[in-house]
There are 2 protein chains.
Amino acid sequence: MSVNYNSMKKNKIINPFKPAKHKHQDCLQAAIKAAKQHCDVLGLRLTPLRQRVLELVWQSHEPVKAYGILDELKQGHSSSAPPTVYRALDFLQEQGLVHKIESLNAYVGCGDPKEHHSSQFFICHDCGSVAELDDADISGLIQKKASHFGFKIDNEMVEIKGHCQECRDSRK
Amino acid sequence: MSVNYNSMKKNKIINPFKPAKHKHQDCLQAAIKAAKQHCDVLGLRLTPLRQRVLELVWQSHEPVKAYGILDELKQGHSSSAPPTVYRALDFLQEQGLVHKIESLNAYVGCGDPKEHHSSQFFICHDCGSVAELDDADISGLIQKKASHFGFKIDNEMVEIKGHCQECRDSRK
DNA sequence: AACAATAATGTTACATTATAACATTACATA
DNA sequence: TATGTAATGTTATAATGTAACATTATTGTT
Ligand SMILES: [Zn+2]
Ligand SMILES: [Zn+2]
Ligand SMILES: [Zn+2]
Ligand SMILES: [Zn+2]
């Protein structure tokens, strides 16, 4: 009798590479809705400012830069300054609503804020878009390797650069 | 008849977590020697400036910051400026003699510049020191997952934060 | 040796990313 | 309403990194 532990693992695609043409309005709306619910449940305040920053992060599936957000924020909210953006981003990151891509100093929206998860990012050099996995195999393997030398993991960061399927296809 | 492919994989510890007391002078000398040889073989110039920067990176097993290097460089070389450091670091990174830890904006020496390799960094929050693996299992798994959605990898970045064995022991 | 081409470094200025510190305003709740 | 806390405004500055051009050192050629 055997148990297939593998089937019990949580391997999620948090954000796939989106097709070039998709109704991105839906992505954005879903993200805002999820954020509202997340904050509701926890009694946290998704203020207009925070929501606006989240919307700006979700403008696309490409990572956006803090000062880019700031520029756009200023259009309708002249009193914005760097702390305005960084505070909102801090809040959103703490709540798992956005992630920072460390190797780009840029931020992407998370499709699954409901629970903390491991993140593995795949970033296309051509179109700039990012896919996010929550892959228990990768996470577990890293965990296992770490445990071999007695290392206790707090935080795992995996950022992979390369070329997505669609961009490779369109180069043929 | 079976073949143990696993045994054929290249799983290296490029840099282990060092014991608190070890003869670090040896680490440094070995690194400089390896760098000299690497450059000799390829006809590249490990100039005094580049060697000095490499030595400063190898001061310890903790990542060092560019402006920290700059401060020390100025002590014996008053004409140093940011480009001085960043150019030397660029050269050393291209040659695989140092790596940048993206999540810290800091640099560590590499124990194995002889060949390009995958790198997985484990960074201790307590002592600040860094271990580097070149683990084909992790690399291979990420590769495999990427291929599932047609992603072709150029560059892999794995930075794991947590607590090393020694620091955990000394907290008991 | 003289020369030209290239590589490395010097120098100044600036761009980008992020935080500190303190004032003000909005919100919750007693 | 009073009071404390959370959020935002505001100013200044820190930390990280690069552009552009001048100068010097090195290499290879005549
Ligand atoms: Zn979309
Ligand atoms: Zn792409
Ligand atoms: Zn050492
Ligand atoms: Zn430690």
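Chain letters run A, B, ... following the sequence lines, proteins first, then strands; residues in each count from 1.
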Asker: With sequence neighbours left out, write down each residue that passes side chain to side chain donor-acceptor pair (under 3.5 Å) with A:D134, or none if nothing qualifies.
Answerer: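 Only A:K10, A:S118 meet the side chain to side chain donor-acceptor pair (under 3.5 Å) criterion with A:D134.
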
Asker: Is the backbone of A:E102 close enough, under 3.5 Å, to the side chain of A:E159 for a donor and an acceptor to pair up by distance?
Answerer: yes

Asker: I need the minimum non-hydrogen distance between B:R168 and B:H163, along with the two atoms involved.
Answerer: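 Heavy atoms only, the tightest pair is CD-O, 3.4 Å.
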
Asker: Is there a donor-acceptor pair closer than 3.5 Å between any side-chain N or O of B:K161 and the backbone N or O of A:M157?
Answerer: no

Asker: Would you call the rings of B:H24 and B:H22 parallel, tilted or perpendicular if under 30° counts as parallel and over 60° as perpendicular?
Answerer: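 Perpendicular.
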
Asker: Under 4.0 Å from a heavy atom of chain B: give me the 5'-most and 3'-most nucleotides of DNA chain C that qualify.
Answerer: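 First and last nucleotides in contact are C:dA8 to C:dT12.
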
Asker: According to the interplanar angle, ranging from 0 to 90°, do the rings of A:F122 and B:F149 count as parallel (below 30°), tilted (30 to 60°) or perpendicular (above 60°)?
Answerer: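 A:F122 and B:F149: perpendicular rings.
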
Asker: Taking ring-ring contact (aromatic ring centres under 6.0 Å, His included) as the cut-off, I'd like each qualifying pair that reaches into residues 71-93 of chain B, sequence neighbours left out, listed once.
Answerer: none

Asker: Which pair of non-hydrogen atoms, one from A:L97 and one from A:P113, has the smallest distance, and what is that distance?
Answerer: CD2-CB, 3.4 Å

Asker: Who pairs with B:K145 by side chain to side chain donor-acceptor pair (under 3.5 Å), at least two apart in sequence or on another chain?
Answerer: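 Once residues adjacent in sequence are excluded, the partners of B:K145 under the side chain to side chain donor-acceptor pair (under 3.5 Å) criterion are A:D135, A:D137.
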
Asker: Under 4.0 Å from any atom of DNA chain C, heavy atoms only: list the residues of residues 73-105 of chain B that qualify, in numerical order.
Answerer: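 Per residue number, the list reads B:H77, B:S79, B:A81, B:P83, B:T84, B:R87.
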
Asker: Give me the residues of residues 49-70 of chain B where at least one heavy atom lies under 4.0 Å from an atom of DNA chain D, by number, or none.
Answerer: B:K65, B:Y67

Asker: Going by atom types alone, do B:H125 and A:D154 pair a side-chain donor with an acceptor below 3.5 Å?
Answerer: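 Checked: B:H125/A:D154 side chains pair up, N/O donor to acceptor below 3.5 Å.
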
